[in-house]
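Scroll down for the structure; my scribbles are underneath it.
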Amino acid sequence: MPLLSNAELARIFYEIADLLEIKGELVYKAVAYRRVADAIERSPVEVARAYREHRPPRLVGVGAAIAEKLEELADTGRLAYLERLRGEVPRTLLELLAVPGVGPRTVHTLHERLGIADLDDLRRAAEAGALRSVRGMTERTEQAILAGIAGLARMPTRMRLGQAARLVEKVAEALASTPGLVRLEAAGSFRRRVPTIGDIDLLAASGDPRALADRFVALASVEKVLAHGPHKSAVQLNEGRQVDLMIAPPGSYGSFLVHFTGSKAHNVRLRAIARERGWSLSEHGFVRLGPDGEPLTGEAAETRTFPDEESVYGFLDLPWIEPELREDRGEIEAAMAARGADGRLPKDPGRGALPTLIQVADLRGDCHVHSDWSDGVHAIEVMAEAARQRGYSWIVLTDHSVGLGIARGLDVERVLAQREVLRALNARYQREETEGRAPEVTPRDGFRVLHGVELEIRADATLDFDDALLASFDVVVASLHQGRRQSARQLTERVLAAIHSPHVDIIAHPSGRMLTGRDELPLEWEIVYAEAARTGTLLEINGSDNRLDLDDERARRARDMGCRLVISSDAHRIAELDFVAYGVDMARRGWIGAGEVINTGSRDELLAWVAAKPDRVLRRGAA
DNA sequence: GCCGTTTTCGGCCCGACTGTTTTCAGTCG
């Protein structure tokens with residue numbers, strides 16, 4: 001019986017929650033199941049395996065009833081309770097929840113009253129004007145539902161970070177000159193740098209909210225106005241994306257920003273802390289609660305508002321928490337560690353157990369860059385010059401090896417020819433540095449292009465070049481593009497073959513995922529991390545906004561297992577050198593500091609690390 | 001369904017917007 005993954009378990013509990021809600025059960029029952037689904041999804045342990053081995057982890061929200069269900073799922077992969085629910089509530093009803101404006105209560109009513117069981121039924125009923133027979137529904141409701149169903153078909157998938165960034169910039173620019181505007185920025189999952197973004201949440205502070213909201217809904221790119229109020233408006237742009245605009249008074253901007261940055265799980269924790277201390281927290285700030293747990297009114301009423309986030313966290317005796325960490329993955333506990341023995345934040349508070357996160361400015365080079373020698377767009381000198389202008393101390397040129405024919409991979413002769421080009425280029429850099437003609441940003445140790453390769457790990461687990469040639473590169477980056485359909489065992493063996501080579505220094509985009517529709521490879525991750533850590537093989541956080549691989553959680557786990565990481569752009573053109581910023585985003589979401597990433601060090605440090613690999617591999621036998 | 005320096009019941013995070021409800025429920029984030 002194959003083991004269910006945490007993601008699969010979470011899906012099951014989310015489905016139970018939806019089914020219960022449609023059934024009309026107590027909403028808190030559904031809430032309880034969703035909370036557990038959340039907890040499982042973010043759990044670092046394999047929940048099903050742990051249950052099967054009779055050492056269930058402590059998960060918040062799991063009581064006797066749900067523990068029993070987890071046991072059943074772990075042992076049999078099935079759940080009688082879910083199957084019974086599915087029998088009572090047609091599964092196709094769940095699809096109706098995707099229609100905007102249709103929630104569980106509406107689905108319940110439509111099913112009870114009109115026998116509507118799927119999207120087709122709903123469309124036919126709306127077209128026939130049958131919905132208005134239900135209390136609370138009119139012809140307008142029918143039109144809205146039809147429009148919603150039509151919209152589902154051309155619903156765009158989630159945005160990549162890069163797409164979201166362009167959209168934010170566009171809207172912000174169009175609103176920038178609005179009278180009264182004090183401040184405007186993106187909050188939500190975009191600010192937390194989640195790999196993919198559903199819709200954009202903008203937060204503004206303005207002296208004239210009405211004017212700002214009016215301007216927002218009248219933007220040329222707006223197709224449809226979804227909501228239009230003085231505090232909150234929402235639009236759908238013509239490319240299908242939704243943008244929400246919240247408008248805060250400047251004096252309470254801090255709590256608004258916390259609230260709309262989320263995550264929801266993080267906010268729930270903050271509100272619980274506030275409540276323990278006798279305050280209710282919302283986007284508007286803190287409201288004093290009476291002994292009955294209700295806000296005090298009249299004379300006794302008391303509120304606290306803050307213009308910045310630091311003060312909001314400070315009021316709860318917490319240091320400010322970076323947006324990237326706000327996922328309730330331990331950041332609250334880490335922040336609480338900054339409190340003194342009296343439970344208060346000291347005068348000059350430290351960061352508690354919060355990590356000092358890496359920043360883009362910490363990077364001193366890029367270990368994964370292509371040129372027009374393989375599938376890149378720009379010439380070597382052009383890529384190199386762009387990198388030099390960024391103030392880097394090096395790039396590693398990593399054109400593909402011959403096995404990746406589709407990318408015009410280099411054979412031995414072209415590798416050697418390319419090396420001559422680099423020799424001449426580096427000689428030129430050295431002359432310029434000696435003569436003081438190098439760009440001002442050039443670091444003290446100068447700028448060099450190191451010779452590397454993106455080495456194909458072949459389908460039969462052999463490497464594309466022989467050891468002698470591999471040994472002649474400064475840095476070898478190995479990756480796997482072909483034979484993706486093999487079993488987890490085979491794929492893992494191929495990655496391990498690269499890790500165990502004394503010449504392979506970096507595993508690039510280890511999971512092989514593409515956010516635009518290519519799933520992760522099913523690797524045996526714990527083994528990969530352990531062997532990478534033992535041999536000192538670096539694991540890449542690929543910053544291409546379509547890859548983001550390793551992602552935040554894998555990077556964190558790898559680091560915890562002792563791996564060192566490298567953040568690379570995988571640039572195929574000069575503009576893509578900026579992709580490292582998204583890689584840094586993933587690292588920050590993974591609680592990673594500059595010291596755990598090799599390309600924050602000097603060129604010498606990188607080369608020394610690489611040179612030591614054969615020893616580390618050899619030590620294997622001795623261990 | 002879960003949980004308890006508000007523990008075995010009665011809560012469960014909080015508020016804006018919409019539509020049609022003449023006082024509020026449903027949806028959404």
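Residue numbers begin at 1 in each chain, while the letters A, B, ... track the order of the sequences.
Straight-line distance from the CG atom of A:Leu70 to the P atom of B:dG1: 13 Å, rounded to whole Å. Regarding A:Phe286, its CZ atom lies at a distance of 12 Å from the P atom of B:dC14, rounded to whole Å. Per the geometry, CE belonging to A:Met246 stands 12 Å off C1' belonging to B:dG15, to the nearest Å. Regarding A:Leu59, its CG atom lies at a distance of 12 Å from the P atom of B:dC2, rounded to whole Å. Counting to the nearest Å, the P atom of B:dG15 and the NE2 atom of A:His259 are 9 Å from each other. The nearest whole Å value for the distance from the NZ atom in A:Lys69 to the P atom in B:dC2 is 7 Å. A:Gln242 has its CD atom 10 Å from the P atom of B:dC28, to the nearest Å. Atoms CD (A:Glu21) and P (B:dA25) sit 16 Å apart, rounded to a whole Å.
Distance check: A:Asp201 CG to A:Lys232 NZ gives 8.5 Å after rounding to the nearest 0.5 Å. Between A:Arg132 atom CZ and A:Thr138 atom OG1 the span is 8.0 Å, to the nearest 0.5 Å.
Across B:dG15 and B:dT20, the matching P atoms stand 26 Å from one another, rounded to whole Å. Look at the C1' atom in both B:dC9 and B:dA16: the space between them is 32 Å, to the nearest Å. When the C1' atom is compared between B:dC2 and B:dT7, the two are found 13 Å apart, to the nearest whole Å. Across the C1' atoms, B:dG10 and B:dC17 are found 30 Å apart, a figure rounded to whole Å. With P as the reference atom, B:dT6 and B:dC12 are 14 Å apart, rounded to whole Å.
No more than 12 heavy atoms of other residues, nucleotides or ligands sit less than 6.0 Å from atom CZ of A:Arg344. Within a 6.0 Å radius of CD in A:Glu169, other residues, nucleotides and ligands contribute 12 heavy atoms or fewer. More than 12 non-hydrogen atoms from other residues, nucleotides or ligands lie less than 6.0 angstrom from CD of A:Glu83.
If you check every strand for non-hydrogen atoms under 4.0 Å, A:Tyr33 touches sugar and phosphate atoms only.
Using the Watson-Crick or G-U wobble rule with both distances under 3.5 Å, B:dT8 pairs with nothing in any strand shown.
Side-chain N/O atoms of A:Arg275 include none lying less than 4.0 angstrom from OP1 or OP2 on B:dT6.
Within residues 181-203 of chain A, the residues approaching DNA chain B are A:Asp199, A:Asp201, by heavy-atom distance under 4.0 Å.
Stacking annotation: A:Tyr28 is stacked on the base of B:dC12 (ring centroids less than 5.5 angstrom apart, interplanar angle below 30 degrees).
When the nucleotides B:dG29, B:dC12, B:dG26 are ranked by their closest atom to the side chain of A:Leu26, B:dC12 comes out on top. Checking B:dT27, B:dC14, B:dG1 against every side-chain atom of A:Pro104, the shortest atom distance belongs to B:dT27. Of the listed nucleotides (B:dG1, B:dT27, B:dG15), B:dG15 has the atom at the smallest distance from the side chain of A:Ser282.
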For a quick check, with a 4.0 angstrom heavy-atom cut-off, what is the B/S/- contact string for nucleotides 16-22 of chain B, read 5' to 3'?
SSSSS--
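A salt bridge links A:Glu333 to A:Arg269: at least one charged side-chain nitrogen sits closer than 4.0 Å to a carboxylate oxygen. Taking the charged nitrogens against the carboxylate oxygens, A:Arg191 and A:Glu309 do have a contact shorter than 4.0 Å, which makes a salt bridge.
With hydrogens and angles left out, the side-chain atoms of A:Glu331 and A:His266 include a donor and acceptor closer than 3.5 Å.
Residue pairs meeting the side-chain hydrogen bond (donor to acceptor under 3.5 Å, both in side chains) criterion with at least one partner in residues 14-30 of chain A, sequence neighbours excluded, are A:Tyr14-A:Asp38, A:Tyr14-A:Glu41, A:Glu15-A:Arg86, A:Glu15-A:Arg91, A:Asp18-A:Arg34, A:Glu21-A:Arg34, A:Lys23-A:Glu25, A:Lys23-A:Glu88, A:Glu25-A:Lys29.
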Apply salt bridge (Lys or Arg N to Asp or Glu O under 4.0 Å) to residues A:Glu322 and A:Arg193 and explain how you reach the verdict.
CA-CA 11 Å; A:Glu322 278 93 341; A:Arg193 315 306 285 177; over 6 Å; no
